[in-house]
Amino acid sequence: MADVRIVEVGPRDGLQSQPTIYTPQARAQFIDALVNTGIKHIEVGSFVHPKAVPQMANSDTVFELIQRHPGVVYSALVPNEHGFELAARCEPDEVAVFCASSEGFSQNNTRCSIEESLQRALQVCDLAKPKGIQVRGYLSTVIECPFDGLTPIAQVVELVERLIDMGCYEVSLGDTIGKANPEQITQLLSALLPSVTADKLALHCHDTYGMAVKNVLAGLELGIKVFDSSAGGIGGCPYAPGAAGNVATESVVKVVHEQGLQTGINLQALRSIGI
């Protein structure tokens, strides 16, 4: 059994910010190749409006085309009730909801307030529970916002607690613009861990200033065992000025293995994959 779980976000968070719009067939082949390396948790796509993120159009077709493997979690990002209904037809193992820790990013990313985004997430949780679909939460700008500056730690703690209380089994903490350093990650996690257990938290690091791997190590030291990453480091955020790509899955797997921990992922096979 793996000591650390990698959530591969390349097919969604990675591709959504690329200038190229890939066909559903290419996206499905990319996903199948990633799963064949041993990845057990992967984002297939999102069900946002195609006018907002055209790279994620036809995610339902991608779900139809992938070769599903037992023991692999196939996830879909959903923005609201309507997105959930569309995703549910594809029978995902999980849906992910997203909120921001800062009002500026919330307004620029989803055109709504933090409170409105939480209500949307709650609606999704309420719909998912009777269908037996687990819900994962994303919380962006947990360290710094491109519009509002540094995010108050107490605000992040409150939002994480609310997402868990509404039904998210896990909350992924997003360093959306990649400005965090290990000390900030340690401070945030130290504030969270008294009220939220480590097994309900994940880290989602971006690598704008080359600190992502060090931030992953800071998370490991405090017991975090789930990390979002993107094959080849592709991605970023179309609504976050200056945000570079996600931390590369290869880099996270390598540093985790160097710590004597296992991911269940074949690093050599992973390095050979492209889209």
Side-chain angles (χ1 to χ4, degrees), residues 7-19 43 46 48 52-53 55-56 77 79 96-114 117-118 121 136-160 163 171-192 201-219 222 224 226-249 251-252 255:
V7 179
E8 174 57 53
V9 300
R12 195 279 302 173
D13 197 23
L15 296 186
Q16 74 173 12
S17 60
Q18 299 303 297
E43 278 195 330
S46 68
V48 299
V53 186
Q55 295 87 342
M56 288 293 103
L77 187 79
V97 295
F98 52 96
C99 300
S101 305
S102 56
E103 286 292 346
F105 190 74
S106 186
Q107 292 290 348
N108 279 272
N109 186 36
T110 57
R111 300 292 187 270
C112 71
S113 67
I114 292 175
S117 70
L118 286 167
R136 189 173 195 249
Y138 281 109
L139 190 59
S140 57
T141 58
V142 298
I143 299 295
E144 187 168 345
C145 170
F147 309 103
D148 298 349
L150 291 173
T151 304
I153 288 177
Q155 185 163 299
V156 178
V157 172
E158 178 189 349
L159 293 170
V160 169
L163 284 167
V171 176
S172 176
L173 305 168
D175 175 26
T176 309
I177 58 175
K179 286 193 173 183
N181 59 49
E183 182 180 353
Q184 290 172 308
I185 295 295
T186 298
Q187 289 174 344
L188 175 60
L189 292 174
S190 297
L192 277 163
L201 298 172
L203 280 180
H204 183 113
C205 300
H206 286 237
D207 208 23
T208 309
Y209 293 94
M211 298 296 287
V213 169
K214 291 182 179 180
N215 291 338
V216 167
L217 285 171
L222 287 176
I224 304 303
V226 184
F227 299 94
D228 299 352
S229 60
S230 175
I234 58 173
C237 179
Y239 300 100
N246 294 283
V247 64
T249 304
S251 298
V252 177
V255 76

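Looking only at side-chain heavy atoms (C-beta outward), Cys99 and Leu163 come within less than 4.5 Å of each other. For the pair Gln16/Val48, no side-chain contact is recorded, criterion being any heavy-atom separation below 4.5 Å from C-beta on. Looking at heavy atoms from C-beta onward, Thr186 lies in side-chain contact with Leu222 at the 4.5 angstrom threshold. No side-chain heavy atom of Val171 sits under 4.5 Å from any side-chain heavy atom of Leu159. Side-chain contact between Tyr138 and Val9: present, with at least one pair of heavy atoms (C-beta onward) separated by less than 4.5 Å.
In terms of heavy-atom proximity, Leu173 sits nearest to Leu201 at CD1-CD2, 4.4 Å. Taking both residues in full, the closest heavy atoms of Ser106 and Ala100 are given as N-CB, 3.7 Å, listed atom of the first, atom of the second, then distance. Nearest heavy atom pair, residue Val142 against residue Val156, reads O-CG2, 3.5 Å. Contact between Ala96 and Glu43 at its shortest, heavy atoms only, is CB-OE2, 4.5 Å. Lys214 and Pro182 get closest at one heavy-atom pair: CB-CG, 3.8 Å. When all heavy atoms are compared, the tightest approach of His206 to Ala212 is O-CB, 3.6 Å.
For Ala180, the side chain to side chain contact (heavy atoms under 4.5 Å, CB included) partners are Ile143, Asp175, Gln184, Ile185, Asn215, not counting sequence neighbours.
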- Should Met56 and Leu15 be marked as a side-chain contact (heavy atoms from CB on, under 4.5 Å) after you check the CA-CA gap, both sets of side-chain angles, and the distance that decides it? CA-CA 8 Å; Met56 288 293 103; Leu15 296 186; 4.0 Å; yes

- Task: For the pair Asp228 and Asn246, evaluate side-chain contact (heavy atoms from CB on, under 4.5 Å) and give the outcome as yes or no after the intermediate values.
- Result: CA-CA 8 Å; Asp228 299 352; Asn246 294 283; over 6 Å; no

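Here the CG atom belonging to Leu118 is positioned 8.0 Å from the OG atom belonging to Ser113, to the nearest 0.5 angstrom. Distance OG/Ser117 to CZ/Arg111: 14.0 Å, rounded to 0.5 Å. The CZ atom of Phe227 sits 12.5 Å away from atom OG1 of Thr249, with the distance rounded to the nearest 0.5 Å. To the nearest 0.5 angstrom, Leu203 atom CG is 11.5 Å from Ser229 atom OG.
Stacking of Arg12 on the aromatic ring of Phe98 is not recorded, the 6.0 Å distance cut-off and the 45° axial limit not both being met.
Checking side-chain atoms of Gln55 against main-chain N and O of Gln18 turns up a donor-acceptor pair under 3.5 Å. Put simply, the side chain of Ser101 gets close to the backbone of Ser140: a donor and an acceptor are under 3.5 Å apart.
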Report, one line per pair, each donor and acceptor closer than 3.5 Å where one atom sits in a side chain of residues 144-152; sequence neighbours left out.
residue : atom : partner : partner atom : Å
Asp148  : OD2  : Glu103  : N            : 3.3
Asp148  : OD2  : Gly104  : N            : 2.7
Thr151  : OG1  : Thr141  : O            : 2.8

